[in-house]
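Shown next, in structure tokens, is the structure this report addresses.
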Amino acid sequence: MSVDPPRKKYRRHEEEKDSDSDDNYVPYVPVKERKRQQLSKLGRIGQLKDEQSKQKSSSENDSNEEDEDKEKVWGRKYNISLLDQHTELKKLAEAKKVSAVERQLKKEEEILEIVAEKKALMGVSELAKGIQYSEPIKTSWTPPRYVLQLPKIRHEKIRHELRILVEGEEIPPPLKSFKEMKFHKAILDGLKEKNIKKPTPIQVQGIPTVLSGRDMIGIAFTGSGKTLVFVLPLIMFCFEQEFKLPFIKNEGPYGLIICPSRELAKQTYDIIQHFCKYLIKHNLPEIRSCLAIGGVPVSESIDIIQKGVHIMVATPGRLMDMLEKKIVKLGVCRYLCMDEADRMVDLGFEEDVRTIFSYFNGQRQTLLFSATMPKKIQNFARSALVKPVTINVGRAGAASMNVIQEVEYVKQEAKIVYLLECLQKTPPPVLIFAEKKQDVDAIHEYLLLKGVEAVAIHGGKDQEERSRSVEAFRKKQKDVLVATDVASKGLDFPDVQHVINYDMPDDVENYVHRIGRTGRSGNKGLATTFINKSNDESVLLDLKHLLMEAKQKVPTFLAELCSENEKYLNLGDERGCSYCGGLGHRITDCPKLEALQNKQASNIGRRDYLANTAADY
Ligand code: AMP
């Protein structure tokens, strides 16, 4: 039995009707197209797509997908309301955005994976025997009993009030007074003499953490008081050791502090000496400390080591030298602190640090401190730490909020003359930073000619002159210190009113370190930075975002700078670049990483700080 399909009949009828009227002439539509239209009407776009995809090759690109998306949406318009279509379109756009974000994050993860440190920081014997420590070192210190009995919510409240971010397991409670930290009267007197009354946020959480024997990563802006976090507990530990069993000849050090520059090492050493002086005043056993840096005769260090040394403050170069020559051993060293750890890795001391680690032969408490701590360094650090507590006071990399940051466009040739005008902004002391040694010398000469009481330091000057200049500036005998970045890392000059950046450093982290020389200990400070066309756009973008974050005025010429990838700046839990910490770009566009990968940074020797690493340290 054969029956004609009714549809066919109907269509013929329609066609007949149409052909009657010339006005309604419809051109011929190919069968394929008619089928597509019909499927669209029925909302069976899936089937349509299947058919299409069968015809397409397997290597479809993004733009093809886009076309399909469009078809999908338009195909449905016959049976979906406008509002629904709009929602659908929005969803599609969102989905596309998410996948772009995912793609970017994945790419970043892959890059980080490549640059992250794989080799662990361990002693040779530990490596050879495969020893891995899983529990932190135990100390005799405990927080006051009443604090231990307080609910955890109280600790969280204090951290919240003081903007302390913590990460890690079983974090010791924050303590709001030095008394609660159970310091000896001698230490409390030493603090009083420095007019230090109550702990700063990094000290509130950091000191109990260190006293408890925990490994720690301390991220705090410059001038936050981080030095005391590693110095005071160490003095107490040494005192306890000496009390139990006095150090014999050639024994020690028990504690080792490594700094990236001689000046910072000397400053830390002086702080230790200050407190040790108070121990002696209280008739307590002597705690001996030794400064091991280039420019200081090794014989001075040997004298102290021979008596038995408790604390050694060193720069990597000199320390390596002394370890290799067996002048000093780390057999009994149980406390290691790396100050400005990110600088150390940045300056290429990574291998030295690794070698230094290999001289340890027992578990030690390891502390890493820095004002900036990009993820790459945190990863590097984690391999050396046991159940670390990360304490972050103020976002890592952020400039101190106490500094007013002014950025001015000054042409290259006008800079030196404009300096004089700029110096009028505040009373002394003023710090002027320049990237190149020649510029430091030129500025110094110019200021002397103009009758300004100025001194200068850079890596090309001998250690004696450097120390003399730093001391004269510190004691306020001189009004202005002109320096390269050797003076920007962790150095503490009291009451610096104004930091002038004669040029913008290539690296925004250096900018953060430089301006951190003012606005210290809760005082306000001013930073003026000269920029012009010669600056790299990437660093200017980082600067722009840093100013925005610190709620500072962004000059128009910076505000107008935009990067292609600005939309990605605040992706995931990472702000800006996970490699260098710059806020104006992502790791995918990191100029520092690019430079490193091209192996240019270490060879150029253009920047004074890098150029002098060998001679300096
Ligand atoms: P630092 O960040 O360790 O370089 O310290 C910066 C300056 O802050 C130094 O001059 C310290 O003497 C001072 N300082 C450290 N702790 C405190 C505190 N709790 N109260 C006031 N000033 C402090």
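Note that ligands are numbered from 1 as they come in the structure, with each ligand's atoms numbered from 1 the same way. Everything quoted here is computed from the prediction, not taken from an experiment.
- Within the listing of ligand 1, atoms 12 (O), 14 (N), 15 (C), 16 (N), 17 (C), 18 (C), 19 (N), 20 (N), 22 (N), 23 (C) sit less than 4.0 angstrom from a heavy atom of Ile196.
- Just one of Gln463, Glu465, Glu471 meets the side-chain hydrogen bond (donor to acceptor under 3.5 Å, both in side chains) condition when paired with Ser467; it is Gln463.
- In terms of polar-atom proximity, defined here as any N/O pair under 3.5 Å, Lys198 does make such a contact with ligand 1.
- Contact between Lys226 and ligand 1 is present, with at least one heavy atom of the residue lying under 4.0 Å from the ligand.
- A distance of 5.0 Å separates CD1 of Ile217 from CG of Leu385, quoted to the nearest 0.5 Å.
- In this structure, Lys307 contributes its side chain and Phe247 its backbone to no donor-acceptor pair below 3.5 Å.
- At a 3.5 angstrom cut-off on N or O pairs, Gln267 does not count as close to ligand 1.
- Without hydrogens or angle criteria, Glu167 side chain to Leu165 main chain gives no donor-acceptor distance under 3.5 Å.
- Backbone and side-chain nitrogen or oxygen atoms of Lys197 are examined, and none is located within less than 3.5 angstrom of a nitrogen or oxygen of ligand 1.
- Salt bridge present: Asp339 and Lys226 bring a charged side-chain N and a carboxylate O closer than 4.0 Å.
- Less than 4.0 angstrom separates some heavy atom of Thr227 from each of these atoms of ligand 1: 1 (P), 3 (O), 4 (O).
- Geometrically, ligand 1 and Pro199 share no nitrogen or oxygen pair separated by less than 3.5 Å.
- Below 4.0 Å from some heavy atom of Thr200 lie the following atoms of ligand 1, by number and element: 17 (C), 18 (C), 19 (N).
- Taking distance alone, with nitrogen or oxygen atoms compared against 3.5 Å, Gln203 approaches ligand 1 more closely than that limit.
- Taking both residues in full, the closest heavy atoms of His498 and Cys422 are given as CE1-O, 3.5 Å, listed atom of the first, atom of the second, then distance.
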- request: Please assess Glu408 against Lys425 for the test salt bridge (charged side-chain N to carboxylate O under 4.0 Å, His left out), listing each intermediate value before the final yes or no.
  value: CA-CA 13 Å; Glu408 300 190 28; Lys425 282 192 189 178; 2.8 Å; yes
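- Ligand-side atoms of ligand 1 in range of Ser224: 2 (O), range being under 4.0 angstrom from any heavy atom.
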